[in-house]
Amino acid sequence: MSEVSAEPVPLPPPAHVAIIMDGNGRWAKARGLPRVAGHQRGVDALRGVVEAGQEMRIDYLTLYAFSSENWKRPPREVDDLMGLLRLYLRRELRELHRNGVRIRFIGEWWKLAADIVKLIADAEETTASNTGLTLIIAVNYGSHREIVQASKRIAAAVADGTMKLEDIDEANFARHLHTDGIPDPDLVIRTSGEQRLSNFLLWQAGYAELVFMDVLWPDFNKQSLQQAVDEFHQRERRYGASSG
Ligand code: FPP
């Protein structure tokens, strides 16, 4: 008789983890540093979490880098954030590509500065056939706008006769969102203790587990991600059904 191993079988990671990276400003303030220093350390944390996501074999990782509301920040800070995005794409595309990462952007990224638009288009094109982690970066993203635009496109299709009113359903509505082709997130994490979705993936996160963590984004590391995934595994996921 063969021996039965007592080792617990590791649970598979959530396929899609989405993160609201919050707390860069507070991290910097606590150290008497300018806000940009918090954002710079935020990029380091982002790099770490992409590596950790690959190690943990997460399929999709979505990061909220710049919301459509973030334009209200002082112009200097907006410039700093755009500068960091520019730098990230210039410096890290090669390494991400070598690691098989597929990069996608959501949000109205085509409205950013022309050179950033080019970097983004290039990053998406270069990595389009990669089969490793899909890294989705949300820039100039806001769910309300995304949903309104999807509705307008559907309304126009009905008006010009290419779509029938009775054919509108959840699946084809979702196909008009920026996340077309990407499965909905299983887990949404927000750092810094705030407990809001802030206009992030409102349609897509309908059934996601939400995990709010007290850690400020620049301090978020592999252990923090593992902690959130452990919490995810502990929750019963019933999709609105009874536990039977
Ligand atoms: C929230 O901190 C964080 C952001 C507004 C953006 C996150 C951006 C990065 C991690 C860097 C840029 C991204 C890329 C892809 C290179 P906060 O400033 O709102 O912090 P606070 O609430 O403590 O003030």
Side-chain angles (χ1 to χ4, degrees), residues 17-54 60-97 99 101-113 115-124 127 133-143 178 188-201 212-222 224-225:
V17 177
I19 310 184
I20 302 173
M21 310 179 286
D22 195 10
N24 295 349
R26 276 163 284 171
W27 184 94
K29 194 171 177 206
R31 288 160 182 78
L33 296 169
R35 292 179 63 81
V36 65
H39 295 316
Q40 282 162 344
R41 292 298 288 265
V43 178
D44 296 339
L46 183 154
R47 196 178 294 115
V49 97
V50 172
E51 274 174 34
Q54 290 172 273
Y60 297 85
L61 179 65
T62 300
L63 301 173
Y64 203 5
F66 193 89
S67 75
S68 43
E69 287 74 37
N70 283 155
W71 296 109
K72 294 181 199 139
R73 294 193 177 207
R76 177 69 207 264
E77 186 175 352
V78 170
D79 280 355
D80 288 338
L81 284 165
M82 291 298 150
L84 286 171
L85 176 60
R86 195 178 268 124
L87 220 59
Y88 180 76
L89 289 169
R90 274 200 200 132
R91 288 191 181 159
E92 321 221 0
L93 175 60
R94 202 178 308 170
E95 175 78 2
L96 290 164
H97 185 40
N99 290 333
V101 173
R102 181 164 61 133
I103 303 176
R104 250 188 85 167
F105 278 75
I106 58 170
E108 296 181 311
W109 55 268
W110 55 89
K111 293 186 178 170
L112 302 180
D115 69 310
I116 299 183
V117 170
K118 196 167 177 303
L119 287 167
I120 291 176
D122 183 40
E124 286 197 340
T127 63
L133 174 92
T134 299
L135 171 64
I136 301 139
I137 304 179
V139 277
N140 195 19
Y141 176 84
S143 278
H178 297 177
V188 175
I189 302 169
R190 183 175 187 142
T191 60
S192 91
E194 306 290 343
Q195 303 198 355
R196 286 188 300 282
L197 284 177
S198 297
N199 209 12
F200 183 53
L201 301 180
F212 300 106
M213 303 178 79
D214 279 333
V215 61
L216 298 175
W217 176 252
D219 292 325
F220 192 93
N221 57 23
K222 192 181 170 190
S224 324
L225 182 62

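We're numbering straight along the sequence, starting at 1. When a ligand or atom number is given, it counts from 1 through the structure's own listing order.
Under a 4.0 Å heavy-atom criterion, G23 is in contact with ligand 1. Residue contacts with ligand 1: R35 is included, with a non-hydrogen atom under 4.0 Å away.
Among protein heavy atoms, atom 9 (C) of ligand 1 sits closest to N24 ND2, 3.9 Å. Taking atom 12 (C) of ligand 1 as the reference point, the nearest protein heavy-atom neighbour is V43 CG2, 4.1 Å. Nearest to atom 20 (O) of ligand 1 among the protein's heavy atoms is G25 N, 3.0 Å. Scanning all protein heavy atoms for the shortest distance to atom 15 (C) of ligand 1 gives L46 CD1, 3.7 Å.
Taking every heavy atom of L85 and a limit of under 4.0 angstrom, the matching atoms of ligand 1 come to 15 (C), 16 (C). In summary, the atoms of ligand 1 found under 4.0 Å from a heavy atom of L84, numbered by their order in the structure, are 16 (C). Remark: ligand 1 atoms within the under-4.0 Å shell around heavy atoms of Y88 are 16 (C).
Between Y64 and ligand 1, not a single N/O pair is under 3.5 Å apart. Remark: ligand 1 and W27 share no N or O pair separated by less than 3.5 Å (distance only, no angle test).
Atoms CZ and OH, on R190 and Y64 in that order, are 9.0 Å from each other to the nearest 0.5 Å.
By the 30° and 60° cut-offs, the orientation of the rings of H178 relative to W110 is perpendicular.
Residues W109 and Y141 keep their aromatic ring centres 6.0 Å or farther apart.
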Side chain to side chain contact (heavy atoms under 4.5 Å, CB included) between Q40 and V36: does it pass, once the steps are laid out? CA-CA 6 Å; Q40 282 162 344; V36 65; 4.2 Å; yes
So I120 and I103, side chain to side chain contact (heavy atoms under 4.5 Å, CB included) or not? Walk me through it. CA-CA 9 Å; I120 291 176; I103 303 176; over 6 Å; no
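In terms of heavy-atom proximity, F220 sits nearest to M213 at CE1-SD, 3.8 Å.
Within the 4.5 Å cutoff, the side chain of V50 has no heavy atoms near those of the N99 side chain.
A salt bridge links R76 to D80: at least one charged side-chain nitrogen sits closer than 4.0 Å to a carboxylate oxygen. Remark: E194 engages R26 in a salt bridge, criterion side-chain N to carboxylate O under 4.0 Å.
Closest heavy-atom approach to atom 5 (C) of ligand 1 within the set R73, M21, K29, Q40: this belongs to R73. Residue A65 holds the heavy atom nearest to atom 6 (C) of ligand 1 of all those in A65, A45, A28, S67.
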